[in-house]
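None of these values were measured; they are calculated from a predicted model.
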Amino acid sequence: SSILRSILPAEAFSKETVRLPELIPRLPAHGLDFQLLDTQMVISQGLPPLTTVILSFLPSVLPFHVRRQYLRSYILPPQRRLQNFASATRRMILETESLRIFSMAKRKVQVERDRLLENAVNHFESIGGKPFSFEFEFLGEEGVGPGPSREYFTVICHALRLPVHNMWRKTSDGSLFPSPIDPLDLREFKHSSNRRRPKADDERDFEKLHLLFRLTGTMVAIALLDERTLDLPLSPIFWRLVLDLPVTVADIALVDRELGEVILELSAISHHKRQGAPPEQLLFKGVPIEDLGLTFTFPGYDEIDIVPNGISKAVTLANVDEYVSALAHYWLVETVKTQVHYFREGFRKVLPLEYLAHFLPTEIGLLFAEPDEDPHWSLEELQRSILPAYGYNEESRTFKNLLKLMSKFDLEQRRSFLLFVTGSSRLPPGGFSGLHPHLSVVKKLPNPAPKGARQQTADEMLPSVMTCQNYLKLPDYSSYEILSQKILYVLAECPSGFQFS
């Protein structure tokens, strides 16, 4: 308050409370983007005092893109800040002699497709927190540069989501929340009494689970540092736990709809009781709560107490609120506590979690990928965002046919197309306009035929790509039908790999 009072006039305050409607218009709204991209301000970290106060103490009143740029230009380590700044402004400032000290050293890492997670554990454990920018290449493949690096992060995300690892469950909104550790196993590892010795296989599974969640945390932090796109839509409820923010009873329905509906119904009964509702409104599916035979134990596991000595404590109308809170906490927090712990541990190897303090849990996923929304794939948006070049222009028949086909892609085809052309199966923050370089479509010409041989026609050729430049090399097909057939064929047959790029 004292900082704000030194900046703002007295009329901006009333009864010790800052009037936000008075405060926010004083920010140079149209100038914030320019401040965050101003060369001298970024180098000196010299934002105006009011801008700094708002970004530090009231970040949620500012647009997401402003806070994201603030993270990139003012919060990340100095070398990354300058690199991100150069990328955002498209100026070659890192090449100037005075700023050469800030240029990032690059190191190449070779990885094997058939040992993805094993390689990832070794590489991410060793590179976390190092002041290098890493590029990844697949052994035995031709591709080099940004394309293989983008695909590496994509295929790691896909590998971490495989059911065999049992790391995640899908929530009601399609995001990912850790699969709960079996409550029996949780009890055995948490409590000293009545503990049975787990099998050796169980110990290996738990050790592997810890390793994979630590790997996930490290990978996410590196992606934030290097502005990588991730196909790993983590639930906002998971981010609340990672950031040590409270969760509510209502959150459980976002993770487990069936259990959530039961808990919310019990909670509603408690609310009706407090409102003095008649007895007929205080029944669970027509039955008094006392007749349900519930105790303060985990449903289906009477030996697992959710409060001390829970087996001896019956659930009644008087304590149903306490039961709902305890059960929701156990299901949302206790069964995923170890996964959250190792994710945090991996993230902190690279960056402090405090770097995410300027974002709501619902916004953090937007730092890594754009939501799968139709507007990005509308014909109008594709016409604005995709560039024809080197043989094509906006009026070229084949270019128009491509955009028409892309606007009709379903979700799976969209992701396959992005993976084929860019190396990542998700759009970066900002959608197609967030791709650097922008996605371009260039004409692919047939190679000259040997003497005496028939010249190959465009309709006999397949598209190819240059993922490091986001180039789609597209033959000049004679019809929409042939273009559609060829594009869909390569999306089905060439989902990854750089042998033919």
Original post:
Would you find a donor on one side and an acceptor on the other, under 3.5 Å apart, between the side chain of R426 and the backbone of R415?
Top reply: no
Subject >> Side-chain donor or acceptor of T422 paired with backbone N/O of S424 under 3.5 Å >> reply: yes
**OP:** Look at the side chain of Y477 and the backbone N and O of M461, then say whether any donor-acceptor pair between them is shorter than 3.5 Å.
**Re:** yes
Subject >> Pairwise distance CZ(F409) to CG(L382) - rounded to 0.5 angstrom >> reply: 9.5 Å
Subject >> Heavy atoms from other residues, nucleotides or ligands near CG of N393 exceed 12 (cutoff 6.0 Å) >> reply: yes
**OP:** Any chance you could lay out the side chain to side chain contact (heavy atoms under 4.5 Å, CB included) test for R68 and R72, step after step, and finish with the verdict?
**Re:** CA-CA 6 Å; R68 179 172 178 266; R72 298 172 64 199; 3.6 Å; yes
Original post:
Roughly how far, to the nearest 0.5 Å, is CG of L176 from CG of D231?
Top reply: 9.0 Å
Original post:
Roughly how far, to the nearest 0.5 Å, is OG1 of T248 from NE2 of H329?
Top reply: 13.5 Å
Subject >> K400 bridged to E395 by N-O distance under 4.0 Å >> reply: yes
**OP:** Starting from the C-alpha separation in whole Å, work towards a yes-or-no answer on side chain to side chain contact (heavy atoms under 4.5 Å, CB included) for Q383 and E394.
**Re:** CA-CA 8 Å; Q383 289 170 339; E394 291 85 352; over 6 Å; no
**OP:** Report yes or no: does S149 contribute a side-chain atom to a donor-acceptor pair with the main-chain N or O of F136 at less than 3.5 Å?
**Re:** yes
**OP:** May I ask you to decide if T171's main-chain N or O and S175's side chain share a donor-acceptor pair within less than 3.5 Å?
**Re:** no
Original post:
Backbone N or O of D459 within a donor-acceptor pair of the K486 side chain at under 3.5 Å?
Top reply: yes
Original post:
Would you say the side-chain atoms of T398 and N401 include a donor-acceptor pair closer than 3.5 Å?
Top reply: no
**OP:** State whether the side chain of S172 and the backbone N or O of L254 hold a donor-acceptor pair below 3.5 Å, judged by distance alone.
**Re:** yes
Subject >> Donor-acceptor contact present, side-chain Y392 to main-chain L474, <3.5 Å >> reply: yes
Subject >> Polar contact flag, side-chain donor to acceptor under 3.5 angstrom, S385-H438 >> reply: no
Original post:
Should the heavy atoms of other residues, nucleotides or ligands under 6.0 Å from CD of Q455 be counted, would the total exceed 12?
Top reply: yes
Subject >> Atom of I252, atom of G260 and distance for their closest heavy-atom approach >> reply: CG2-CA, 3.6 Å
Subject >> Nearest-0.5 Å distance, CG of residue L483 to CG of residue L488 >> reply: 9.0 Å
Original post:
Does S267 use its side chain to pair, donor to acceptor, with the backbone of I263 at less than 3.5 Å?
Top reply: no
Original post:
Is a donor on one side and an acceptor on the other found under 3.5 Å between the side chain of R169 and the backbone of P178?
Top reply: yes
Original post:
With a 4.0 Å cut-off, would you call R397 and D476 a salt bridge?
Top reply: yes
**OP:** Applying ring pair (Phe, Tyr, Trp, His ring centres under 6.0 Å) between F213 and each of F347, F343, W168, report the one that passes.
**Re:** W168
**OP:** Report the distance from atom CZ of R228 to atom CG of L367, rounding to the nearest 0.5 Å.
**Re:** 16.0 Å
Subject >> Interatomic distance, L445 atom CG to K473 atom NZ [nearest 0.5 angstrom] >> reply: 11.0 Å
Original post:
Between F420 and L472, does a side chain to side chain contact (heavy atoms under 4.5 Å, CB included) hold up when you go through it step by step?
Top reply: CA-CA 9 Å; F420 178 65; L472 172 60; 4.3 Å; yes
Subject >> Check against side chain to side chain contact (heavy atoms under 4.5 Å, CB included), L427 and W377 >> reply: CA-CA 11 Å; L427 284 171; W377 294 83; 4.0 Å; yes
Subject >> Intermediate values then yes/no, side chain to side chain donor-acceptor pair (under 3.5 Å), R150 and N470 >> reply: CA-CA 11 Å; R150 286 194 291 263; N470 295 328; 3.0 Å; yes
Original post:
What are the two closest non-hydrogen atoms of L259 and L327, and how far apart are they?
Top reply: CD1-CD2, 4.5 Å
